[in-house]
Amino acid sequence: MAAFTAHTTATATSHHHSPAGTAAILLRSRRRAFSPSRVSCSASAAANKTVVIGLAADSGCGKSTFVRRLAGVLGGGGGAAPPARGNGNFPGSNTLVVGDAATVVCLDDYHSLDRAARKARGLTALDPRANDFDLMYEQVRALKEGRAVDKPVYNHVTGRLDPPERVAPPKILVIEGLHPMYDERVRDLLDFSIYLDISDELKFAWKIQRDMAERGHSLESIKASIEARKPDFEAYIDPQKQYADAVIEVLPTQLIPDEEEGKVLRVRLIMKEGVRHFAPVYLFDEGSTITWIPCGRKLSCSYPGIKFAYGFGAYYGHEVSVLEMDGQFDKLDELIYVETHLSNMSTRFYGEVTQQMLTHAGFPGSSNGTGLFQTILGLKIRDLYEQIVAERAAAVTADALNV
Ligand SMILES: Nc1ncnc2c1ncn2[C@@H]1O[C@H](COP(=O)(O)OP(=O)(O)OP(=O)(O)O)[C@@H](O)[C@H]1O
Ligand SMILES: O=C(CO)[C@H](O)[C@H](O)COP(=O)(O)O
């Protein structure tokens, strides 16, 4: 590998005085209205409500890895050998309980058709007709309101539905899977939503890597399964990204011409403006457009180096800010240099992002933007939860004072 010797370079164009910049600032102050039903009526009951996070992606796109990083941030596991799916309430469960901080429910449990029934009807698991959205809505709503539910369990080994398991209302409920934002009723229950958008070529590379190595599938069967799912993915899964408050988009690098192996990634963190309890992260100067090559004295970079970009744009009609990282870190501890230049990270102490990344260095994506942005969103979820709890506690106090 040729040594990459470019110096730290940043180019910034301030948009603070442009009409677009002004609109962005105005938009930021118009945070999404927090439904009064969440804080008033009985403020004390509302104070106990569960905060609900939606995490959507196709199979094999990094949802479990994200959840493991989130568990690390919330302090309930997610260490070097974190709990994986199946270590929930009982063997075979898809639910992950993260200490007393969070419960992660896998939406595969709401498959209404088992594997044989799907096969008989020629449907994939991505098809809404193979999923029970009425039950999903009722149970997510019950958990959000503080009531335990008996949730079905889809068994990925047998392809059948097992007896239900009891799920208690957690502080943070993460619903992860194919359809957390598909049904409008479920979508409206979400306090924050994330979509992991992996480009076709990388999805293919990751799935081959996992399903051949860990699940013993052949290359042909993996290819056939991806092709068979594609129309339903495009019809039912991909459109959910328009509703997401944050999207992690993973693309091939632009630093190496025609690189197709997926070893170097360009990762974009797309953050919707105006989302309540969520202040987008920015690089150097909020409201600017910046490209930054941090390689030089403080950050070692071998070929092809690292390039950050930050700016504003539109995403499905919403104003968004976008932080991009193309390339990968050579030495993870040097990430502290990059962290120093990022703001609104919702860290509790200087260097927390770097510490999290080092703790989970063995997870996929730790040397690139996927790991960095997943970690940042984990911190954002913790912060969002704390803000909502503080707001509810204030409402309880105000309620008590008014009596
Ligand atoms: N950031 C990443 N960089 C490289 N490979 C990754 C990354 N994230 C995930 N992978 C690969 O994809 C595989 C699937 O990741 P993960 O289990 O997190 O996805 P998932 O969405 O939870 O999948 P499923 O829903 O099928 O269980 C991993 O085993 C790994 O090989
Ligand atoms: O997309 C999936 C998980 O996100 C699975 O394909 C779906 O849950 C069906 O499972 P199985 O293939 O084990 O029957």
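In this chain, residues are counted from 1 in sequence order. For ligands, and for the atoms within them, numbers begin at 1 and follow the listed sequence.
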(request) Just grab all the salt bridge (charged side-chain N to carboxylate O under 4.0 Å, His left out) pairs involving residues 345-357, residues at least two apart or on different chains. (result) Arg348-Glu386, Glu352-Arg382
(request) Could you name the option among Gly62, Ser59, Pro364, Gly177 that has the heavy atom nearest to atom 15 (O) of ligand 1? (result) Gly62
(message) Please list, in number order, the atoms of ligand 2 under 4.0 Å from a heavy atom of Ala125.
(response) 7 (C), 9 (C)
(request) Not counting sequence neighbours, which residues clear ring-ring contact (aromatic ring centres under 6.0 Å, His included) with His111? List them please. (result) Tyr154
(request) Inspect the surroundings of NZ in Lys203 and state if more than 12 heavy atoms from other residues, nucleotides or ligands are less than 6.0 Å away. (result) yes
(message) Tell me the contacting part of Leu178 for ligand 2: side chain, backbone, both, or neither, using a 4.0 Å heavy-atom threshold, strictly below.
(response) side chain
(request) Taking only heavy atoms of Gln209 into account, list the atoms of ligand 1 that are under 4.0 Å away from them. (result) 31 (O)
(message) I want to confirm something. Looking only at heavy atoms, which of Lys119, Arg115, His111, Arg160 is nearest to atom 12 (O) of ligand 2?
(response) Arg115
(message) Closer than 4.0 Å to some heavy atom of Asp108 - which atoms of ligand 2 meet that?
(response) 3 (C), 4 (O), 8 (O)
(request) Give the atoms of ligand 1, by number and element, whose distance to some non-hydrogen atom of Gly365 is under 4.0 Å. (result) 1 (N), 2 (C), 3 (N)
(message) Centre-to-centre under 6.0 Å for His179 and Phe133, is that the case here?
(response) yes
(request) Mark up the atoms of ligand 1 that fall under 4.0 Å of a heavy atom belonging to Ser64, in ascending order. (result) 17 (O), 18 (O), 20 (P), 22 (O)
(message) Below 3.5 Å, N or O to N or O, backbone or side chain included: is there any such pair between Ser59 and ligand 2?
(response) no
(request) Quick one: look at Thr370 and ligand 1, take heavy-atom pairs under 4.0 Å, and tell me if it's side chain, backbone, both or neither. (result) side chain
(message) I need the single residue from Asp109, Asp132, Asp108 that forms a salt bridge (Lys or Arg N to Asp or Glu O under 4.0 Å) with Lys151. Which is it?
(response) Asp109
(request) With heavy atoms only and a cut-off of under 4.0 Å, state how Lys63 meets ligand 1: side chain, backbone, both or neither. (result) both
(message) Would Ala57 count as a contact residue for ligand 1, given that I'm defining contact as a non-hydrogen atom of the residue lying under 4.0 Å from a ligand atom?
(response) no
(message) Does the Lys NZ or Arg CZ of Arg68 fall within the cation-pi geometry relative to Phe363 - under 6.0 Å from the ring centre and within 45° of the axis?
(response) yes
(request) Say whether, by atom type as modelled, one donor and one acceptor occur between the side chain of Asp191 and the main chain of Val51 under 3.5 angstrom. (result) no
(request) Report the member of Arg118, Arg229, Lys63 with the shortest heavy-atom distance to atom 2 (C) of ligand 2. (result) Arg229
(request) Could you pull out, from Phe373, Phe363, Trp206, the option with a heavy atom nearest to atom 5 (N) of ligand 1? (result) Trp206
(request) Report, as yes or no, whether the 6.0 Å neighbourhood of atom CZ on Arg185 holds more than 12 heavy atoms from other residues, nucleotides or ligands. (result) yes
(request) Could you tell me whether Asp58 approaches ligand 1 through its side chain, its backbone, both or neither, with non-hydrogen atoms closer than 4.0 Å? (result) backbone
(request) Could you give me the CA-CA distance, side-chain angles and deciding distance for Phe284 and Tyr310, then say whether ring pair (Phe, Tyr, Trp, His ring centres under 6.0 Å) is met? (result) CA-CA 9 Å; Phe284 288 110; Tyr310 164 73; 9.4 Å; no
(message) Looking at Arg147, I'd like to know if its CZ atom is crowded, meaning that more than 12 non-hydrogen atoms belonging to other residues, nucleotides or ligands lie closer than 6.0 Å.
(response) yes
